[in-house]
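Labels below follow one simple rule: chain letters A, B, ... track the order of the sequence lines, proteins then strands, and each chain is numbered from 1.
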Amino acid sequence: MTATDIRPSSDTLLTTKAPVKRSYGQYIRWLLLFLGGIAMVMPIAWMISTSLKWPHEVYNLKLIPDEPTIENYTYVLEDGRFYGWFMNSIIIAVITTVSNILFDSLVGYTLCKFKFPGRYIIFIAILSTLMIPTEMLVIPWYIMSQNFGWLDTYWGIMFPGLMTAFGTFLMKQFFETVPDDFLEAARIDGLNELQIWWSVAMPLVKPALAALAIFVFLGNWTAFIWPLIVTNSPEMYTVPVGLSGFGDEADVAWELIMTGAAISTIPTLIVFIVFQRFIIRGVVMAGLKG
Amino acid sequence: MSSLTLSDLRKSYGKTEVLKGIDLEIASGEFIVFVGPSGCGKSTTLRLIAGLEDVSVGEINIGGRVVNNLEPRDRDIAMVFQNYAIYPHMTVKKNIAFGLRTSKLSKPEKEARIREVVQILDMEDLLDRRPNQLSGGQRQRVAIGRAMVRNPAVFLFDEPLSNLDAQLRTQMRLEIKKLHQRIQNTVVFVTHDQVEAMTMADRIVIMKDGHIQQVGTPEELYRNPVNIFVAQFIGAPSMNMLSASVRDGRVMLGDMALPISAANLAEGMPLKAGLRPDDLMLNPADPLLEGHVTLREPLGPETLLYVETTLGEVILRAPGKNPPEVGEVVKMGALAENIHLFDALTGEVVK
Ligand SMILES: Nc1ncnc2c1ncn2[C@@H]1O[C@H](COP(=O)(O)OP(=O)(O)O)[C@@H](O)[C@H]1O
Ligand SMILES: [Mg+2]
């Protein structure tokens with residue numbers, strides 16, 4: 001037996017004080033992870049750094065501003081426009097998230113748990129819409145919105161995203177893990193089908209609902225192309241659309257854009273922190289045989 | 001008064017008929033056990049009674065009402081599943097109360113019922129726990145509790161004990177039986193385990209391939225099986241089956257004439273003679289069979305002997321004290337009344 005065979009596992013390496021020889025492979029792995037980490041953190045650091053700079057310093061490519069200032073934050077927060085966009089974004093993202101949670105799961109549940117003719121074809125039809133890129137849909141959406149008078153309204157911004165094929169697919173797959181016994185027990189206990197879905201099936205797929213909520217919220221919070229196209233008046237802008245127009249034609253006000261962007265990451269952080277704990281707690285199997 | 005009647009009950013999935021005409025009358029308060037090999041249609045029968053599947057043909061009558069077109073909740077039944085199916089996101093108390101969610105009782109009445117059930121099942125200490133903090137037996141008890149609060153006309157159990165270990169299974173078997181004696185509701189209990197069926201049932205229904213084979217008390221099924229299937233399904237070790245035939249107006253087992261009249265039996269008719277291991281006697285005055293012991297299984301009070309005869313292997317239940325040695329040649333016999341005769345072609349009993 002050689003020395004390398006009895007080397008402790010990497011878990012113990014971190015807790016023992018004894019000098020241990022580490023392999024090159026491990027160093028290389030750490031290096032790659034480190035580089036990956038930098039690549040992810042850099043844009044965020046740059047965003048915050050820029051938001052703390054005076055306008056004349058913006059093109060001075062230093063991470064630490066020479067004269068840091070919170071002037072930009074005061075400006076953006078006191079500027080009525082940003083507040084309006086922020087509320088628009090919140091309203092749209094929240095309504096869309098709730099709508100997806102309800103309707104994606106309702107359709108996913110139906111496709112998963114009820115046997116009816118054509119269910120397979122419906123499922124395939126829903127899935128196939130995943131293959132159409134947003135860019136192709138924008139023009140039909142626009143024409144539709146124009147005909148219905150939805151341009152420049154919340155409804156116009158929201159309607160394409162109120163249900164998603166991806167969410168429906170995700171929920172259908174998760175409902176497959178809910179044993180039919182639970183639903184039948186509830187049926188015998190006297191619940192109607194809607195009650196069974198809501199008070200038995202839904203609590204059992206909370207992790208999936210949480211994941212879906214995060215996806216949908218982030219997707220709508222950062223959506224750009226469609227809100228840009230469907231809105232005309234600045235009062236209807238969402239945060240990304242509004243920020244992109246900060247400054248005037250001649251001069252893009254990067255420090256203000258970055259300030260707005262920094263502020264607008266806060267809700268996404270909250271959503272993530274609130275919902276991720278549900279993802280960790282998988283509960284489905286606990287009521288069945290041990 | 002009959003609390004549950006099945007008339008010509010049939011169920012098909014597509015073109016395959018899995019229940020082929022079930023007729024059964026169950027009296028109020030009876031403990032009925034459906035038993036049979038896996039896939040014979042026991043669960044399907046139960047699910048039809050519960051209303052979880054639609055009847056293809058036939059009628060289900062519960063407490064004098066035809067329930068074919070009623071929703072499960074309107075049938076006055078409750079069901080306990082093999083996997084318990086208690087809700088993991090609710091406490092024990094909530095799980096039990098869930099059975100009363102849609103009931104019309106007033107709140108204090110509901111509370112009283114829940115308290116009563118909890119007390120009968122001895123679960124006072126578990127009320128605030130969640131299912132993942134319970135043992136298998138405790139979960140099963142919660143499932144039974146959820147069924148009990150509804151005080152249904154008929155309890156349906158689908159193999160409720162098969163996920164428990166052997167010891168707990170024996171214990172729960174007793175508990176369910178005691179519970180039945182106390183609450184007196186009608187019970188339809190499904191199992192594939194003949195010991196469960198024998199020990200719990202007032203009457204056993206034996207099924208095979210979507211047909212009822214025989215209905216009767218455990219004693220009747222054990223003593224007078226109507227065909228080879230029932231004879232071999234009930235009792236462990238199962239009944240020895242030896243080829244016999246009618247020759248010269250006598251029933252012959254090998255070279256020995258059985259002490260049984262062959263009147264009504266056609267000459268040359270192929271038969272099977274069934275002998276329970278318990279009914280075989282060692283070295284009697286007039287032996288029927290002879291062979292040498294190939295294996296012994298001591299069980300304490302008795303010993304199972306595997307005896308190789310010219311007609312095939314025979315199992316015999318011998319006394320626990322001083323049984324014959326392996327290799328020893330033994331003679332065996334049986335009382336005429338304990339010999340079962342079946343038509344070898346149809347499997348039906350002829351005597
Ligand atoms: N939903 C179904 N679709 C098709 N065949 C089924 C369905 N449910 C049960 N079966 C068939 O019906 C037969 C009886 O099943 P079941 O009642 O579950 O048997 P048991 O409970 O006695 O083991 C089996 O052959 C099974 O394959
Ligand atoms: Mg079954």
So for B/I77, is it side chain, backbone, both, or neither that comes closer than 4.5 Å to the heavy atoms of chain A? both
Does any part of the side chain of A/F182, heavy atoms only, come nearer than 4.5 Å to the side chain of B/P88, both counted from C-beta? yes
May I ask you to decide if A/A185's main-chain N or O and B/R146's side chain share a donor-acceptor pair within less than 3.5 Å? no
How about B/K15: does its NZ atom have over 12 heavy atoms from other parts shown lying under 6.0 Å from it? no
So for atom CG, which belongs to A/L32, do other residues, nucleotides or ligands contribute more than 12 heavy atoms lying within a distance under 6.0 Å? yes
Tell me, side chain or backbone of B/R75 under 4.5 Å from chain A's heavy atoms, or both, or neither? neither
Does a side-chain heavy-atom distance below 4.5 Å link A/K206 with B/H89? no
Could you give the distance from CD (A/E193) to CD (B/E71), rounded to the nearest 0.5 Å? 7.5 Å
If you count every heavy atom of other residues, nucleotides or ligands that lies below 6.0 Å from B/K94 atom NZ, does the total exceed 12? no
For the backbone of A/A186 and the side chain of B/Y87, can you confirm whether one donor and one acceptor N or O come within less than 3.5 Å of each other? yes
Distance check, rounded to the nearest 0.5 Å: B/Y84 atom OH versus A/D181 atom CG? 12.0 Å
Checking A/L183 against chain B: side chain, backbone, both or neither under 4.5 Å from a heavy atom? neither
Looking at A/F34, I want to see if its CZ is surrounded by more than 12 non-hydrogen atoms of other residues, nucleotides or ligands under 6.0 Å. no
More than 12 heavy atoms of other residues, nucleotides or ligands under 6.0 Å from CZ of A/F215: is that the case? no
Distance col, row B/M79:CE vs A/E184:CD, nearest 0.5 angstrom, shows 7.0 Å
Should the pair B/R101-A/D189 be classified as a salt bridge under the 4.0 Å nitrogen-to-oxygen rule? no
Counting only heavy atoms not in B/K20, do more than 12 sit closer than 6.0 Å to its NZ atom? yes
Can you see which heavy atom on B/T102 is nearest to which on A/G190, and at what distance? CG2-O, 3.3 Å
Under 6.0 Å from the CD atom of B/Q167, do we count more than 12 heavy atoms belonging to anything else shown? no
Under 4.5 Å to a heavy atom of chain A? For B/F98 that would be both
When you look at OH of A/Y120, are more than 12 heavy atoms from neighbouring residues, nucleotides or ligands closer to it than 6.0 Å? no
